[in-house]
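The figures that follow rest on heavy atoms only: side chains count, while hydrogens, waters and symmetry mates do not. Small disclaimer: the values here were computed from a predicted structure and weren't measured.
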Amino acid sequence: MSLAALPALLARDLRLAVRHGGESLMPLFFLFAVLILVPLGVGPGPNLLASIAPGMVWVAALLASLLALENLFRPDFEDGTLEQWWLGHLPVTGLVLIRLLSHWLITGLPVIIFAPLAAQMLYLPDQALGVLLLSLLIGTPILSLVGGLAAALTLGTNRGSVLLSILVFPLVVPVLIFATGAVSAAADGFSPRAHLGLLAALLVLALTLVPLAISAALRLNIE
Amino acid sequence: MSLLLEANGVTFRRQGDLVFAPVDLQLAAASALVILGPNGCGKTTLLRLLAGILRPAEGQLLRNGSTAFLGHASALKGDLNCRENLDFLRHFHGRAGLSSSQALVRTGLAGLGLRPARTLSAGQKRRLGLAGLLVAPRPIWLLDEPYASLDDAGGELVDSLLAEHTATGGGVVLSTHQRKPRLRAAHGELVVRKAAPEETA
Amino acid sequence: MIPEFEYAIYVWSSYGIFAVVIAWQIVQPVLYRRRLMAELREELALQSGDYNDPNS
Amino acid sequence: MIWKTIKVGFHRLGSPASFYRFSTLVSPWLWAGFALCTAIGIYYALYVVPPDYQQSDSFRILYVHVPSAWQAMAGYVVMSILAAIALIWRIRMTEIMAMMCAPIGAAFTAICLATGSIWGRPMWGTWWEWDARLTSMLVLLFIYLGIMGLYAAFDDRRKGARVACILILVGLVNIPIIHFSVEWWTTLHQGKTIRIFGESSMHYSMMPPLIWMTIAVKLMFGAALLDRSRNELLTQDRRKGWVQKKLKSQGVS
């Protein structure tokens, strides 16, 4: 196996993402849609907005991650590039991780970059900003992993998207709870350490198990 | 003579049913094997099995050397241009063969390097797929209907590529139901048969 | 208000839901099996040639 | 050695024709047992057990709520074991049985949610309380529905079953995490509300109906599982020799 395959795949995925410019900007668009629509809906009171800010940013991150899932493996499945992963000389879990990395770079990273701006717009207390970023940094990769699993499981079906959301929702409950819990704790002046520790534990668990499950699911689906 | 590929009693099941009768085959270096059979008898399934994409339900499969598989879907990214597609294959498989430009010239696609692959005609896509075999050389070629949608010149091209590949010690398994390849190398034929319905206890 | 009466609605509706769902679990496989068997019987009759088309 | 015995046993039971015979034989007995246990259990639950001093009569709801909740979870464990066997040894019967566990488990989860919410009305004053147990049960319901949906979405039943088995095992790892996280979340956001089981343990006189109902529900799960698996097997194998032979020899029963 040559390790050169992994950067080659990453470079190609990102190149394709850039080429689909508009689609790749959807996550950011969603973040801002949530940021603007929710205050319009609940009113601009700083206290109320500050208390729901962590949840809103996280829900936006979740939606952004969900949006791109349908295209995570499906185009490759249809044009025959996916089955080339099994020609024998490459570790499929490595390729899966690379694909998830590119998904995270497209959906997770933009949300993290614009999260400080979102925090300002929602009056999140300053002392919670660092924790918000940290929780996103640990948590969004889990969203990519779990979402990737759902995408892989539904690959062989022809009505993937509804099913995809049903599968993702239960799996991300703990992520949402620990991440928003951390930010709320920090905003209220408590230590977010326990929450972040649990979130990190989840990330480690997901990193070890999910790529294996994804490879198995992909394999079953291409047969 | 070393064996590149060996299958003993290999089968595959779909929904629990055998797709084709058990297959035994051997592919020596510098030789070719033509898989014949009517539509729907499992030629594509057999090739995907040999490639390692599918796992055999029964039987053993041995592969000595890395494999290239060219199926119905051309495994090209329509949004990338021809040159980018080939460059990706070169890096992905990590074996330097011909340069992308040389491969394009060899397969008669000179001058089309910057065209997005989705704008190519079916025959041109096929040629680009063949170019992909040249930029990342692998000893075992598994070609599913390589002549499909190619014109006469394209058919000649496949024949000459096959001759070159076997001359340099490679092995080829290809399936066809139309044009009999004019192979200069030693080659065998294998007819795939539909499995007889079996009685399960 | 009599407490027994107040709670009775809740208790009985709970038991009712339990009964309905369980009954559905019993009935559904039976109905499915009946439909499947009818279909298989029809197929078998078509194969062996003694199929009486109810519409003819 | 032990593994080998289990494997051989499963393979033997795994032959479609013998599973069919086995389930036809056993399932009526399970249904009969279920009817008997339920009758005893409900009689105790509604007529024998005295009202609770704290919850008055509403605690009688828990005689259907609690066994359903237990069975919803136990059903998931059974399903996971079957799924693991199906993935490791590729035994077809366990694949089918794992798939057929999902709708039954979902039914029990639904009973648990509905009765829990009804119980909550007089106790909490609302139909829905973000109580840790109820919330985890809601998530569990979605996992069950996801498994059923995934299986149904595949044209190739066997492929669908294998893929859904992966999901089942992923869910098995996840459910404890979900439960823990929800528990953590409710303790942060509110004080402890009245639990269905209070802090004090139950009085022993309240136990018999609970035991009877628990047994009843387990028997029902087994019976429904056998019935559904037999149907599914027949659907998948309708063109196979053993089904045709059975149809021809005995007419259609």
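- The heavy-atom pair separating A:P174 from D:S181 by the smallest distance is CA-OG, 3.6 Å.
- Within residues 215-223 of chain A, the residues having any heavy atom less than 4.5 Å from a heavy atom of chain D are, in residue-number order, A:A216, A:A217, A:L220, A:N221, A:E223.
- Atom CZ of D:F142 is surrounded by 12 or fewer heavy atoms from other residues, nucleotides or ligands within 6.0 Å.
- For residues 186-202 of chain A, a heavy-atom distance under 4.5 Å to chain D picks out A:A194, A:H195, A:L198, A:L202, given by residue number.
- Across A:L209, A:L171, A:V175, the residue that shares the most heavy-atom pairs under 4.5 angstrom with chain D is A:L171.
- Looking at D:V182, both its backbone and its side chain come within 4.5 Å of chain A, counting heavy atoms on both sides.
- With contacts defined as side-chain heavy-atom distances shorter than 4.5 Å, the pair A:T157/D:V163 does not qualify.
- Classification of the D:W184-A:F178 ring pair by plane angle, with boundaries at 30° and 60°, yields perpendicular.
- The residue among A:G156, A:A152, A:A213 with the most heavy atom pairs within less than 4.5 Å of chain D is A:G156.
- The side-chain contact (heavy atoms from CB on, under 4.5 Å) test with A:L167 singles out one residue from D:V170, D:I147, D:I143, D:L167, and that residue is D:L167.
- The most heavy-atom pairs under 4.5 Å with chain A, out of D:I166, D:D156, D:I175, come from D:I166.
- Heavy atoms only, all atoms of each residue included: D:I178 and A:P170 are closest at CD1-O, 3.2 Å.
- In this structure, the side chains of A:V173 and D:S136 stay at 4.5 Å or more apart for every pair of heavy atoms.
- Of the two parts of A:I177, only the side chain, counted from C-beta on, holds a non-hydrogen atom closer than 4.5 Å to a non-hydrogen atom of chain D.
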